[in-house]
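Here the structure is laid out as structure tokens; the discussion comes afterwards.
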Amino acid sequence: MFSCENIKEFLGESLEQNQIQEKPSCMIIIFGASGDLTNRKVIPGIHSLNCESRIGTNTQIIGVARTKMTNEEFRDSLEESVKNYSRLKPGKTTYCEPWDSFAKKITYLYGDYDDPKTYQNLVQHLLDLNQKFKTPLNYLFYCATPPQLYPIILRHLAQFKLNQNRDSFWSRIIIEKPFGSNLETAIELHKVVNSIFTHSQVFYIDHYLGKETVQSILTFRFANTIFEPIWNRNYIESVHVNVMESVDVGGRGNYYDKSGVIRDMLVNHLLQLLCLIAMEPPPRYTSDYLRREKIKLLQSIKPISCSNFAIGQYHGYRSEQKISKDSNTPTYADVDLEIDNWRWQGVRFRLSSGKKLAKKETEIVLTFKQPPFSMFSTSLESVCKNQLRIVIQPDERIELKMLSKIPGAGMKTQPMKLTYLYSQGEPLPDAYERLLLDVMLGDSSLFTSAEEQRLSWKLFDSITDHGIPIQYVSTLGTNSLSSLVSQVNYLLPRKTDDIRVLVPEDVAKMYATMVATTARQFIQKKGIFTMALSGGASPVKPYELVAQEPDLDWSKIHVFLVDERCVPPDDKDSNYHMINETLLSKVKIPPENIHRIHTEFEPEKAAQLYEEEIEKFFGNQKSIKNSTFFDLLLLGMGDDGHTASLFPGANTISETKRKVVATFVEQLGVWRVTITPIVIQNSLNASFFVTGTKKSKRLYTVLHGPQNPFLIPAQLVRPKGSLSWFVDTDAYSSNDICFEK
Ligand SMILES: NC(=O)C1=CN([C@@H]2O[C@H](COP(=O)(O)OP(=O)(O)OC[C@H]3O[C@@H](n4cnc5c(N)ncnc54)[C@H](OP(=O)(O)O)[C@@H]3O)[C@@H](O)[C@H]2O)C=CC1
Ligand SMILES: O=C1O[C@H](COP(=O)(O)O)[C@@H](O)[C@H](O)[C@H]1O
């Protein structure tokens with residue numbers, strides 16, 4: 001009996017082989033054959049295709065580059081990388097031939113890319129191979145050189161008529177990204193390509209489209225009926241395409257410093273993922289229909305403004321090889337997008353990607369809206385929203401997060417996860433394998449079109465060279481947006497904070513008045529007032545003014561610190577020292593009301609003592625969530641968006657147990673002691689004091705930009721009560737100039 005479960009047995013091999021009958025044979029000519037891409041991706045990919053007999057046995061690989069090498073030397077240079085990077089290892093399985101036998105298919109020609117002799121030799125070499133191995137004169141050219149060489153190579157191919165389809169033989173070309181560096185240069189590239197090759201001969205490769213799990217997005221959406229009816233604004237709240245890399249720029253500094261993460265990843269890979277997630281169903285699975293839907297989607301994305309993006313640069317990037325010492329190239333970006341069409345109106349889309357993050361993971365997370373009301377006693381529905389997580393790599397899988405009943409008495413709910421593991425233990429075919437085979441078969445469905453590239457550049461051109469990145473450390477990305485601090489959904493817009501913009505002469509005065517008024521109100525209501533103060537240079541003036549406030553009953557005021565530098569209390573850099581000089585020494589505050597951080601001890605010890613002090617004062621509740629700490633936090637914000645001593649990317653940001661921690665600030669190379677986000681979140685009120693033009697761009701991102709407290713810690717301040725900002729007109733000036741470098 002035929003059923004869905006036993007369909008594999010019925011279809012047997014044909015399903016296993018993905019119904020590919022044809023075994024194409026051709027000459028694969030790789031320009032830039034001595035480079036990284038050829039070594040790590042192209043040759044290993046062809047090797048696995050050969051192992052699985054997906055390509056004709058007489059297929060020939062010809063490497064072309066300037067480095068002088070013999071055939072043997074070239075083959076030797078590839079052996080190690082094939083053994084390391086190929087999915088199927090030489091000689092390791094019954095059907096994988098030994099390396100020496102595969103290597104015979106590889107030959108090498110050296111020569112300059114702009115020397116006609118190189119191409120003359122190539123023509124002769126191709127004819128020789130054709131004579132010797134009867135390999136058909138089908139040419140697959142692969143441009144694996146730096147992009148400035150593409151036009152030179154293409155023009156020479158045309159000069160020697162290698163660009164033409166002849167009789168039954170074809171000529172095709174694979175072009176690697178970057179496809180230009182902006183809209184203008186992309187158009188120039190397309191002009192050259194179109195003047196030499198016809199539309200169907202050109203394959204612009206975006207290797208993300210060749211990843212198995214990326215293709216499975218299409219089957220997930222369109223081969224099933226379950227999800228498509230809810231795949232829209234009525235059910236989906238937000239979509240996050242998140243590509244985290246743990247690697248740094250490696251030896252690619254030359255290219256990367258001119259490119260940055262937006263050009264390198266967002267314009268192509270991430271936007272393509274977004275297209276597959278958000279486009280309308282194409283009528284058929286053909287390249288033309290697919291491209292048409294992707295183009296429609298790209299046309300619907302609203303222009304990106306400066307409040308839609310935040311950028312970072314990993315600490316140490318400027319000391320990498322071939323990177324400019326004062327580089328502002330971003331290695332991390334968050335971009336929020338809006339799709340202006342019927343299906344996606346109001347849904348927030350975020351693209352994030354970065355290098356040197358805590359782990360390598362590519363995921364697409366769809367967060368669904370919460371149920372319209374909660375009939376159960378635990379209202380987990382608002383925090384544990386349904387989520388569909390498509391993990392592209394590694395550990396390829398699909399997860400569905402839902403709530404289920406806790407077994408036993410009562411009706412309590414708990415989060416649970418349904419998981420489908422995509423690879424079932426076997427390594428999945430590499431993207432390059434799939435894409436190379438598709439080119440040989442003439443199928444361009446998984447390649448991008450020039451029109452898609454132009455629309456993508458048009459979208460991103462407005463932000464690619466703007467903004468100053470925030471320096472982050474490599475623990476960024478340890479915790480996804482589902483950790484404790486992000487239980488408030490940071491993808492959603494912030495509720496409007498109380499922002500007071502004042503002229504520089506007035507801002508300190510008003511801030512001091514606010515502190516004194518708040519103190520009086522608390523003392524009147526509760527008989528006591530607790531506040532935690534920040535250090536640094538900015539608050540000197542307001543603290544001096546607070547000291548002059550009349551009628552403040554300092555016997556009822558307790559002063560704590562939000563953080564401290566690891567120096568003795570009489571050091572000029574000590575926060576306590578500054579607060580004492582400007583405020584505490586000027587008022588009649590009992591010494592027992594001053595709760596400083598004892599950084600004359602080792603950082604860990606100082607943190608522990610301060611935590612005990614806080615616990616003694618506020619009580620040590622089992623659940624921190626039930627605790628309430630300070631009545632008022634007086635906070636500052638650094639140029640990099642840090643607050644207290646919570647710096648971009650630091651793991652202190654996701655600290656969920658400790659109230660105080662010692663933290664080594666990599667960006668500054670110093671130790672600090674700081675209160676943690678849970679203390680901040682569980683304090684009653686907080687107020688920032690921010691002045692000066694130097695902070696203006698960051699302030700703009702904090703207030704208006706994408707919410708990412710891991711990159712921009714000042715955004716994590718969401719106390720139980722009110723959050724206010726006292727900013728001077730200089731700091732607030734970025735509203736109109738946020739796009740200026
Ligand atoms: N590596 C990767 O993972 C990826 C690479 N790409 C793209 O693929 C292409 C190739 O990448 P990759 O292999 O890393 O690049 P490489 O920098 O390693 O360059 C490839 C080869 O091109 C030749 N070459 C390099 N610079 C010059 C120059 N200034 N003038 C003439 N020849 C030069 C060199 O060979 P010789 O000196 O022997 O001629 C080199 O081995 C690039 O466009 C890159 O952006 C895209 C996605 C991923
Ligand atoms: O195109 C590129 O992709 C890689 C990431 O690819 P993945 O398959 O490892 O996810 C990235 O490291 C590189 O900078 C970029 O040029």
Side-chain angles (χ1 to χ4, degrees), residues 30-45 63-69 73-74 77-78 81 85 108-115 118 141-153 174-181 185 189 204-214 241-273 314 317 320-322 329-333 353-357 359-364 391-394 396 428-435 448:
I30 309 167
F31 294 99
S34 57
D36 173 73
L37 185 71
T38 309
N39 260 262
R40 281 192 311 113
K41 296 290 183 186
V42 182
I43 301 287
V64 184
R66 298 172 308 177
T67 307
K68 277 197 177 171
M69 278 189 278
E73 283 166 337
F74 182 52
S77 73
L78 297 173
S81 48
Y85 299 114
Y108 183 75
L109 282 180
Y110 73 84
D112 275 338
Y113 303 101
D114 57 357
D115 183 355
T118 308
F141 297 106
Y142 202 121
C143 283
T145 61
Q148 65 272 23
L149 296 175
Y150 299 168
I152 296 168
I153 295 168
I174 299 182
I175 298 185
E176 265 292 348
K177 66 175 257 281
F179 312 123
S181 55
T185 49
L189 171 72
Y204 293 105
I205 200 165
D206 182 316
H207 77 276
Y208 266 58
L209 293 177
K211 290 182 191 279
E212 277 292 327
T213 28
V214 173
V241 180
N242 187 19
V243 182
M244 295 184 271
E245 293 194 88
S246 50
V247 293
D248 54 24
V249 288
R252 300 172 69 212
N254 242 349
Y255 151 76
Y256 197 89
D257 207 33
K258 284 185 225 92
S259 166
V261 66
I262 296 178
R263 290 190 173 94
D264 189 46
M265 299 293 288
L266 272 75
V267 177
N268 33 72
H269 305 324
L270 277 85
L271 210 45
Q272 284 294 323
L273 293 182
Y314 65 79
Y317 173 78
E320 301 266 24
Q321 276 174 30
K322 300 177 187 161
T329 300
T331 61
Y332 180 92
S353 182
K355 287 208 186 287
K356 210 157 180 201
L357 302 178
K359 60 181 173 190
K360 177 174 174 72
E361 193 162 69
T362 301
E363 59 178 6
I364 303 171
V391 182
I392 305 289
Q393 62 186 12
E396 297 80 358
L428 295 170
D430 182 76
Y432 281 85
E433 282 176 47
R434 168 64 194 250
L435 296 173
T448 67

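Read the numbers this way: they start at 1 and go in the same order the structure lists the ligands and their atoms. In this chain, numbering begins with 1 at the start of the sequence shown. The figures that follow rest on heavy atoms only: side chains count, while hydrogens, waters and symmetry mates do not.
The aromatic rings of His269 and His207 lie perpendicular to each other, with more than 60° between the two planes, well past the 30° mark.
Of the charged side-chain nitrogens involved, at least one lies within less than 4.0 Å of a carboxylate oxygen, so that Lys177 and Asp264 count as a salt-bridged pair.
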Give me the pairs of N or O atoms, one from ligand 1 and one from the protein, that sit under 3.5 Å apart.
from: ligand 1; atom 1: 1 (N); to: Asp36; atom 2: OD2; distance (Å): 2.6
from: ligand 1; atom 1: 3 (O); to: Arg40; atom 2: NH2; distance (Å): 2.8
from: ligand 1; atom 1: 13 (O); to: Asp36; atom 2: N; distance (Å): 3.1
from: ligand 1; atom 1: 13 (O); to: Leu37; atom 2: N; distance (Å): 2.8
from: ligand 1; atom 1: 18 (O); to: Asp36; atom 2: N; distance (Å): 3.3
from: ligand 1; atom 1: 30 (N); to: Arg66; atom 2: NH1; distance (Å): 3.3
from: ligand 1; atom 1: 32 (N); to: Arg66; atom 2: NE; distance (Å): 3.3
from: ligand 1; atom 1: 32 (N); to: Arg66; atom 2: NH2; distance (Å): 3.3
from: ligand 1; atom 1: 35 (O); to: Ser34; atom 2: OG; distance (Å): 2.8
from: ligand 1; atom 1: 37 (O); to: Arg66; atom 2: NE; distance (Å): 3.0
from: ligand 1; atom 1: 37 (O); to: Arg66; atom 2: NH2; distance (Å): 2.8
from: ligand 1; atom 1: 38 (O); to: Ser34; atom 2: OG; distance (Å): 2.6
from: ligand 1; atom 1: 38 (O); to: Arg66; atom 2: N; distance (Å): 3.3
from: ligand 1; atom 1: 38 (O); to: Thr67; atom 2: N; distance (Å): 3.0
from: ligand 1; atom 1: 38 (O); to: Thr67; atom 2: OG1; distance (Å): 2.4
from: ligand 1; atom 1: 39 (O); to: Arg66; atom 2: N; distance (Å): 2.7
from: ligand 1; atom 1: 39 (O); to: Arg66; atom 2: NE; distance (Å): 3.1
from: ligand 1; atom 1: 39 (O); to: Tyr113; atom 2: OH; distance (Å): 2.8
from: ligand 1; atom 1: 41 (O); to: Ser34; atom 2: OG; distance (Å): 2.8
from: ligand 1; atom 1: 41 (O); to: Gly35; atom 2: N; distance (Å): 3.1
from: ligand 1; atom 1: 43 (O); to: Thr145; atom 2: O; distance (Å): 2.9
from: ligand 1; atom 1: 43 (O); to: Tyr150; atom 2: OH; distance (Å): 3.0
from: ligand 1; atom 1: 45 (O); to: Lys177; atom 2: O; distance (Å): 3.1

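Looking only at side-chain heavy atoms (C-beta outward), Tyr432 and Lys41 come within less than 4.5 Å of each other. Considering only heavy atoms from C-beta on, Glu245 comes within 4.5 Å of Met265 through its side chain.
Considering only non-hydrogen protein atoms, atom 13 (C) of ligand 2 sits nearest to Arg252 NH1, 3.2 Å. Taking atom 3 (O) of ligand 2 as the reference point, the nearest protein heavy-atom neighbour is His207 CE1, 3.4 Å.
Per-residue contacts place Lys211 under 4.0 angstrom from the following atoms of ligand 2 (heavy atoms of the residue considered): 7 (P), 8 (O), 10 (O). Close approach of ligand 2 to Lys355 (heavy-atom distance below 4.0 Å) involves ligand atoms 11 (C), 12 (O), 13 (C), 14 (O). Atom numbering of ligand 2 starts at 1 in the shown order; those under 4.0 Å from a heavy atom of Asp264 are 13 (C), 14 (O), 15 (C), 16 (O).
Partners of Tyr256 by ring-ring contact (aromatic ring centres under 6.0 Å, His included), not counting sequence neighbours: none found.
Counting non-hydrogen atoms of other residues, nucleotides and ligands closer than 6.0 Å to OH of Tyr113 gives a total above 12.
In this structure, CD on Glu320 lies 9.5 Å from OG1 on Thr331, to the nearest 0.5 angstrom.
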side-chain hydrogen bond (donor to acceptor under 3.5 Å, both in side chains) evaluation trace for Tyr150 with Glu176: CA-CA 9 Å; Tyr150 299 168; Glu176 265 292 348; 5.9 Å; no
Please test Asp257 against Tyr317 for side-chain hydrogen bond (donor to acceptor under 3.5 Å, both in side chains), starting from the C-alpha separation and ending with a verdict. CA-CA 10 Å; Asp257 207 33; Tyr317 173 78; 2.6 Å; yes
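In this comparison of Lys177, Glu245, Lys360, Lys41, the heavy atom closest to atom 9 (O) of ligand 2 sits on Lys360.
Only the side chain of Tyr208 comes within 4.0 Å of ligand 2, counting heavy atoms alone; its backbone N, CA, C and O stay farther away.
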